[in-house]
Amino acid sequence: MRITQGTFSYLPDFTDQEITAQITYALEHGWPLSVEFTDDPHPRNTYWEMWGLPMFDLKDAAGVLLEVNACRAANPNSYVRLNAYDASLGRQTTAFSFIVNRPAEEPGFRLERAERANRQIGYTTYAYATARPVGQRYESP
C-alpha cells in the first residue's frame, strides 16, 4: 500500500530534479523549508521528527537538497518529508509538504470498527508497521 500524504500525493514520487524545482519555487517565494522523518506515517501523526533546524536563511536549493539527502541516508527505512512554510499572512502556515523518501515495503493500514453508545459506529485506522518496535518497523522480519 502506498502512503499518500501531502501536496503532491496523487503524483509518482519526485526525482531529485523535481524536488529541486519545488525547493527553488519555495525559495523564490521566501518560504523557509524543513526536513522531517518518521516510521509511523499515520494520517493523524502530524509531529514527525525534525532533521536539523528549519532552514530560514538558506537561499540555495542545493543546500536544501543536501539536507534532504543526508536525512535519506541516515533514515533509509523511514518516511522523509519536505515542508515549506509561508508566514506572509502574519501566521506560519504550511505552503506545501510532500514525501521525498519511503521504505521499500509499506505494509499499510487496517480499518477498525467499534460500536459506541446509542448504536453509533466509530472507525479508526491501525498501521500494521506499529506492531514492531520503533526503529525496526520497516526492516525485513
Side-chain angles (χ1 to χ4, degrees), residues 1-118 120-141:
M1 172 181 191
R2 184 176 189 276
I3 302 295
T4 55
Q5 292 182 16
T7 309
F8 306 107
S9 61
Y10 55 92
L11 295 173
D13 290 338
F14 283 177
T15 64
D16 282 359
Q17 183 180 4
E18 293 168 328
I19 293 169
T20 302
Q22 294 304 319
I23 293 169
T24 302
Y25 181 83
L27 294 175
E28 287 172 352
H29 285 82
W31 299 339
L33 295 138
S34 71
V35 180
E36 298 175 335
F37 65 96
T38 189
D39 64 352
D40 180 16
H42 190 283
R44 291 188 182 145
N45 178 15
T46 57
Y47 300 107
W48 291 23
E49 298 291 327
M50 177 110 21
W51 178 262
L53 296 172
M55 296 168 261
F56 290 106
D57 56 351
L58 222 70
K59 303 297 179 205
D60 182 25
V64 177
L65 189 61
L66 185 70
E67 289 298 317
V68 167
N69 288 333
C71 186
R72 285 173 171 168
N75 303 288
N77 292 321
S78 294
Y79 291 88
V80 177
R81 92 179 152 196
L82 181 66
N83 304 306
Y85 302 103
D86 181 8
S88 63
L89 299 175
R91 60 190 175 277
Q92 186 165 308
T93 58
T94 304
F96 67 70
S97 174
F98 61 96
I99 294 175
V100 295
N101 189 66
R102 58 184 70 239
E105 179 188 343
E106 300 178 80
F109 295 87
R110 82 170 171 253
L111 187 64
E112 291 184 351
R113 175 181 158 163
E115 295 187 20
R116 299 182 181 156
N118 298 324
Q120 293 181 345
I121 305 292
Y123 295 93
T124 188
T125 56
Y126 174 80
Y128 292 119
T130 58
R132 296 170 130 180
V134 173
Q136 299 175 3
R137 293 182 173 163
Y138 293 97
E139 296 175 0
S140 298

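What you see below is based on every heavy atom in this structure, not just the backbone, and it leaves out hydrogens, waters and symmetry mates.
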Under the side-chain contact (heavy atoms from CB on, under 4.5 Å) test, which residues partner E115, sequence neighbours left out?
R113, I121
List in chain and number order the residues that pass side-chain contact (heavy atoms from CB on, under 4.5 Å) with L66, two or more places apart in sequence or in another chain; answer none if no residue qualifies.
none
Salt bridge (charged side-chain N to carboxylate O under 4.0 Å, His left out) pairs touching residues 22-37, sequence neighbours excluded, are E36-R81
Which residues share a ring pair (Phe, Tyr, Trp, His ring centres under 6.0 Å) with F14, sequence neighbours left out
F8, F98
Measure the OH-OG1 distance between Y47 and T38 for me, rounded to the nearest 0.5 Å.
13.5 Å
Keeping D39 on the side-chain end and N77 on the backbone end, is there a donor-acceptor pair under 3.5 Å?
no
So side chain to side chain donor-acceptor pair (under 3.5 Å) across residues 89-98, not counting sequence neighbours, yields N83-S97
Sequence neighbours excluded, the answer for ring pair (Phe, Tyr, Trp, His ring centres under 6.0 Å) partners of W31 is Y25, H29
Mind listing the closest non-hydrogen atom pair of I99 and N101 along with its distance?
CG2-O, 3.2 Å
Please collect all salt bridge (charged side-chain N to carboxylate O under 4.0 Å, His left out) contacts where either partner lies in residues 45-61, sequence neighbours excluded, each pair once.
none
Looking only at atom types and distance, does a side-chain atom of D86 sit under 3.5 Å from a main-chain N or O of S88, one as donor and one as acceptor?
yes
Under the salt bridge (charged side-chain N to carboxylate O under 4.0 Å, His left out) rule, what pairs show up with a residue in residues 61-75, not counting sequence neighbours?
D16-R72
Those residues that, when tested against E112, pass side-chain contact (heavy atoms from CB on, under 4.5 Å) (two or more places apart):
R110, T124, Y126
For P54, check side-chain contact (heavy atoms from CB on, under 4.5 Å) against everything at least two apart and list the hits.
S34, M50, F56
To the nearest 0.5 Å, what is the distance between CG on L65 and OG1 on T24?
9.5 Å
Counterpart residues, side-chain hydrogen bond (donor to acceptor under 3.5 Å, both in side chains), relative to T20 (two or more places apart):
none
